[in-house]
Protein chains: 2
Amino acid sequence: MNANIKEIAKRANVSIATVSRALSGQNNVREETKKHILKIARQLNYNPNLLARNFVKGKSNIIGLILPDISDEFFSEIIKSIDDTSFISGYFTMVISSHKNRSLVESINTMMNSGIAGGFILLVPFMNSEIEKALKSERVPFVIISGDSELGDYDIITIDNYNAAYNAVKFLADNGYKKIAHIAGPDENNDAALRREGFLNACTKLKLETKKSWIVKADFTLESGERAANLILKQKERPEVIFAANDMTAIGCYNAASKLGLKIPDDIAIIGFDDVLISQYVSPPLTTIKVDTETIGKTAAEKLIQKMTQTEKLKPQTIKISTELVIRNSC
Amino acid sequence: MNANIKEIAKRANVSIATVSRALSGQNNVREETKKHILKIARQLNYNPNLLARNFVKGKSNIIGLILPDISDEFFSEIIKSIDDTSFISGYFTMVISSHKNRSLVESINTMMNSGIAGGFILLVPFMNSEIEKALKSERVPFVIISGDSELGDYDIITIDNYNAAYNAVKFLADNGYKKIAHIAGPDENNDAALRREGFLNACTKLKLETKKSWIVKADFTLESGERAANLILKQKERPEVIFAANDMTAIGCYNAASKLGLKIPDDIAIIGFDDVLISQYVSPPLTTIKVDTETIGKTAAEKLIQKMTQTEKLKPQTIKISTELVIRNSC
DNA sequence: AATCATTATGTAAACGTTTACATTCAATTA
DNA sequence: TAATTGAATGTAAACGTTTACATAATGATT
């Protein structure tokens with residue numbers, strides 16, 4: 001059985017109100033009394049009942065984290081970063097992933113209405129009217145982590161996909177590449193769409209050669225990358241470099257190249273996106289664009305906590321997290 | 001503002017007790033009344049206040065998940081699997097990772113004493129007296145996921161490290177290998193210790209040749225694996241195969257072999273442990289031991305929920321999750 | 001010494017649920 | 001018909017905390 005403030009009050013010979021004040025670090029309690037109370041609390045190994053506290057305060061110090069149905073490196077780092085940041089400000093992180101048994105909308109509704117979370121962070125690759133509707137009540141504050149900064153009038157933390165892609169292509173141009181292909185991600189994924197847009201605009205602006213048959217869609221998996229690379233590399237005219245929408249796709253290109261007897265980067269150069277762990281270990285190490293997951297998580301948590309603590313409503317804000325080109329040996 | 005049972009009671013012209021009973025699906029309420037109440041609840045878009053419910057029931061439907069300070073593939077899969085399983089039984093998953101700002105012991109204490117979690121799952125690679133002490137109160141039920149099944153008198157979900165290692169060596173023996181080396185994990189890591197023990201016993205039993213200089217310690221990282229492999233492969237007498245304590249170490253061996261001009265598996269064969277994502281993509285694909293993270297998470301969550309729901313105290317149980325040899329081309 | 005301002009402490013209500021116990025009402029039995 | 005049972009519903013307390021308001025104690029100012 002855990003001790004409670006009533007018990008402490010009895011032993012310290014004061015009222016529960018004084019105990020509450022002493023323990024929650026308020027200043028309107030005599031130094032001596034405070035010390036006495038704290039001592040007894042320590043003796044009893046007292047821990048405040050957070051459920052009671054959250055309940056009576058009408059708000060929770062739990063931050064919900066809604067994840068879509070995928071598990072990858074990216075998420076475990078985001079989770080960690082959010083948990084780190086939340087903890088420092090006295091919050092807990094609750095994970096609620098969506099999957100066959102629970103839809104994203106259901107997760108949002110739970111976070112929004114059960115009172116269990118004081119705010120939440122929503123990771124979504126896309127937006128639709130169902131989600132939009134679930135978010136409308138705004139009963140508890142939230143922020144969104146997404147590849148798309150144009151989802152609507154929300155607080156959004158986003159990767160600067162467009163500029164990252166643009167600059168990657170610029171880097172390739174600066175290094176003398178002229179003929180460039182792209183393996184895109186799934187259509188409905190906003191990160192993918194923006195990377196593709198950045199690629200296309202850079203090609204036009206920088207006068208690089210590309211063509212329809214060099215732009216192949218894949219779905220972020222290694223296998224789809226290999227398939228797509230095959231389609232590109234078996235054409236009569238071959239590009240000098242492939243810009244893959246993510247690292248796994250890029251590694252798929254490695255496989256395709258290897259099977260076709262093409263040397264990287266001499267016969268075909270490759271650049272990826274994400275900088276996943278493997279990228280530095282493939283051979284040759286993959287040049288890619290590093291996404292700073294730690295900053296993303298940290299920024300999202302900080303923004304959310306800001307919203308949770310301040311009363312006046314601020315205008316929704318989009319924060320773009322910049323990326324970094326990691327130059328290795330694949331181009 | 002969320003509706004509450006008081007409001008529903010008023011509109012339905014019944015007492016809050018009846019509303020509570022109707023909503024929590026108890027049978028001692030007239031069918032007609034129940035329907036009426038549910039209808040009004042739906043109209044008001046009522047969601048029970050989980051904080052209040054948990055608080056008054058004196059137990060929480062939140063499952064805490066305490067993670068050590070590492071982020072890898074393994075964890076994100078475990079988290080997902082636990083969350084999946086918990087959700088089906090009506091529980092939430094709260095992640096609390098340990099790191100520079102918060103020690104493992106502190107995490108345990110929070111879970112144990114704040115009332116915020118009704119139970120927790122502890123992932124620990126080792127046990128010490130501090131942790132032991134924190135666990136002693138047993139104020140809330142918990143289970144442990146660990147490589148060591150001999151941590152103490154706890155409910156433990158564990159990988160069958162010893163037998164997995166033993167069988168891996170047996171597999172090598174069956175395939176004609178006679179001279180075998182081992183790159184071990186850190187001393188204080190129990191998974192590592194058991195794998196090493198399985199290796200040693202198998203060598204003795206199956207009369208395989210190994211020696212002290214062929215057993216080198218590393219720390220589960222790729223770099224340490226490369227270093228260790230170098231120490232082994234540069235000796236006058238070279239083993240035929242290296243059993244690495246985990247896949248990352250094994251991939252370190254790949255690097256060392258490649259730099260020494262040794263062909264895998266002809267000059268030196270390699271076997272790993274874990275079956276991380278990369279393993280199937282390195283060249284040649286790595287033969288390794290697959291750890292079924294999904295089953296681990298599921299089993300842990302189910303065991304915990306069982307403990308949380310039943311009153312009588314059962315004898316602590318150790319559940320060993322078996323592994324599976326994934327034969328690829330590295331030996 | 002009397003008044004006022006300030007600080008410390010106490011009293012009691014409030015948060016939204018669940019649930020033990022009490023009550024009512026109708027149906028069944030003697 | 002009276003007594004008994006059982007189901008449906010109501011009443012009110014309880015959970016542990018915070019906090020508005022009331023009161024008491026202290027110190028400062030006249």
Side-chain angles (χ1 to χ4, degrees), chain A residues 1-38 40-41 44-62 90 113-118 139-140 309, chain B residues 1-38 40-41 44-62 90 110 113-118 139-140 309 311:
Chain A
M1 202 74 65
N2 209 341
N4 57 24
I5 54 168
K6 215 162 155 186
E7 179 66 22
I8 297 175
K10 210 167 78 187
R11 302 211 186 191
N13 218 26
V14 293
S15 73
I16 57 163
T18 304
V19 175
S20 173
R21 281 186 279 251
L23 291 172
S24 54
Q26 295 182 43
N27 48 0
N28 50 350
V29 46
R30 197 157 52 103
E31 201 50 46
E32 200 186 341
T33 322
K34 193 171 179 173
K35 261 190 196 146
H36 185 209
I37 290 170
L38 288 176
I40 292 176
L44 293 175
N45 189 25
Y46 170 79
N47 289 88
N49 182 320
L50 294 180
L51 284 176
R53 175 181 289 174
N54 284 341
F55 168 51
V56 71
K57 285 195 158 189
K59 59 187 181 185
S60 166
N61 69 336
I62 295 175
N113 300 317
S114 72
I116 199 141
R139 209 167 273 171
V140 310
T309 44
Chain B
M1 203 69 67
N2 209 342
N4 56 24
I5 54 168
K6 215 161 154 187
E7 178 66 24
I8 297 175
K10 211 167 76 185
R11 302 209 188 191
N13 219 27
V14 293
S15 72
I16 57 164
T18 303
V19 176
S20 174
R21 282 187 279 252
L23 291 172
S24 54
Q26 296 182 43
N27 48 0
N28 50 349
V29 46
R30 195 157 54 103
E31 202 49 48
E32 198 187 342
T33 322
K34 193 170 178 173
K35 261 192 196 144
H36 185 208
I37 289 170
L38 288 177
I40 292 176
L44 293 176
N45 189 25
Y46 169 78
N47 288 88
N49 183 320
L50 294 180
L51 284 177
R53 175 180 289 173
N54 284 341
F55 167 53
V56 71
K57 285 196 157 188
K59 59 187 179 186
S60 165
N61 69 337
I62 295 175
T110 303
N113 300 317
S114 72
I116 199 141
R139 208 166 273 171
V140 310
T309 43
T311 41

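Lettering of chains follows the sequences in order, A, B, ..., and the numbering in each one begins at 1. It should be emphasised that the depicted structure is a prediction, and the values quoted were computed from it without experimental measurement.
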Checklist entry - Tell me: NZ of A/K59 to P of D/dT17, nearest whole Å? => result 18 Å

Item to check | Interatomic distance where CD1 belongs to A/I5 and P belongs to C/dT9 [whole Å] | outcome: 16 Å

Item to check | Results of side-chain hydrogen bond (donor to acceptor under 3.5 Å, both in side chains) for B/T18 - residues two or more places apart only | outcome: B/S15

Checklist entry - Got a sec? Which of residues 16-23 of chain B come in under 4.0 Å of DNA chain D, heavy atoms? => result B/A17, B/T18, B/R21

Cut-off 3.5 Å, no hydrogens considered: what does the side-chain donor-acceptor table look like for residues 29-36 of chain A, sequence neighbours left out?
{"unit_1": "A/R30", "atom_1": "NH1", "unit_2": "A/E32", "atom_2": "OE1", "d": "2.7"}

Checklist entry - Once you round it to whole Å, what is the distance between P of C/dT9 and NZ of A/K35? => result 14 Å

Checklist outcome for this item: Bend of the helix from C/dA1-D/dT30 to C/dA30-D/dT1 from end-axis comparison, five pairs per end, nearest 10°, comes to 50°

Checklist entry - Does A/N4 put a side-chain nitrogen or oxygen below 4.0 Å from OP1 or OP2 of D/dG16? => result yes

Next on the checklist: Tell me every residue that passes side-chain hydrogen bond (donor to acceptor under 3.5 Å, both in side chains) with B/R11, counting only those two or more places apart in sequence or in another chain.
Outcome noted: B/E7

Checklist entry - B/F55 has an atom CZ; how far is it from atom P of D/dT17, in whole Å? => result 8 Å

Next on the checklist: Just the rounded figure in Å: distance from P of D/dT11 to NZ of B/K6.
Outcome noted: 14 Å

Checklist entry - Between C/dA8 atom P and A/H36 atom NE2, what is the distance in whole Å? => result 18 Å

Checklist entry - What is the distance, rounded to the nearest whole Å, between atom CG of A/L51 and atom P of D/dC15? => result 15 Å

Under 3.5 Å, which protein N or O atoms sit close to an N or O of nucleotides 22-24 of chain D? Give each pair with its distance.
none

Checklist entry - Given atom CG of B/N28 and atom C1' of C/dC25, what is their separation to the nearest angstrom? => result 16 Å

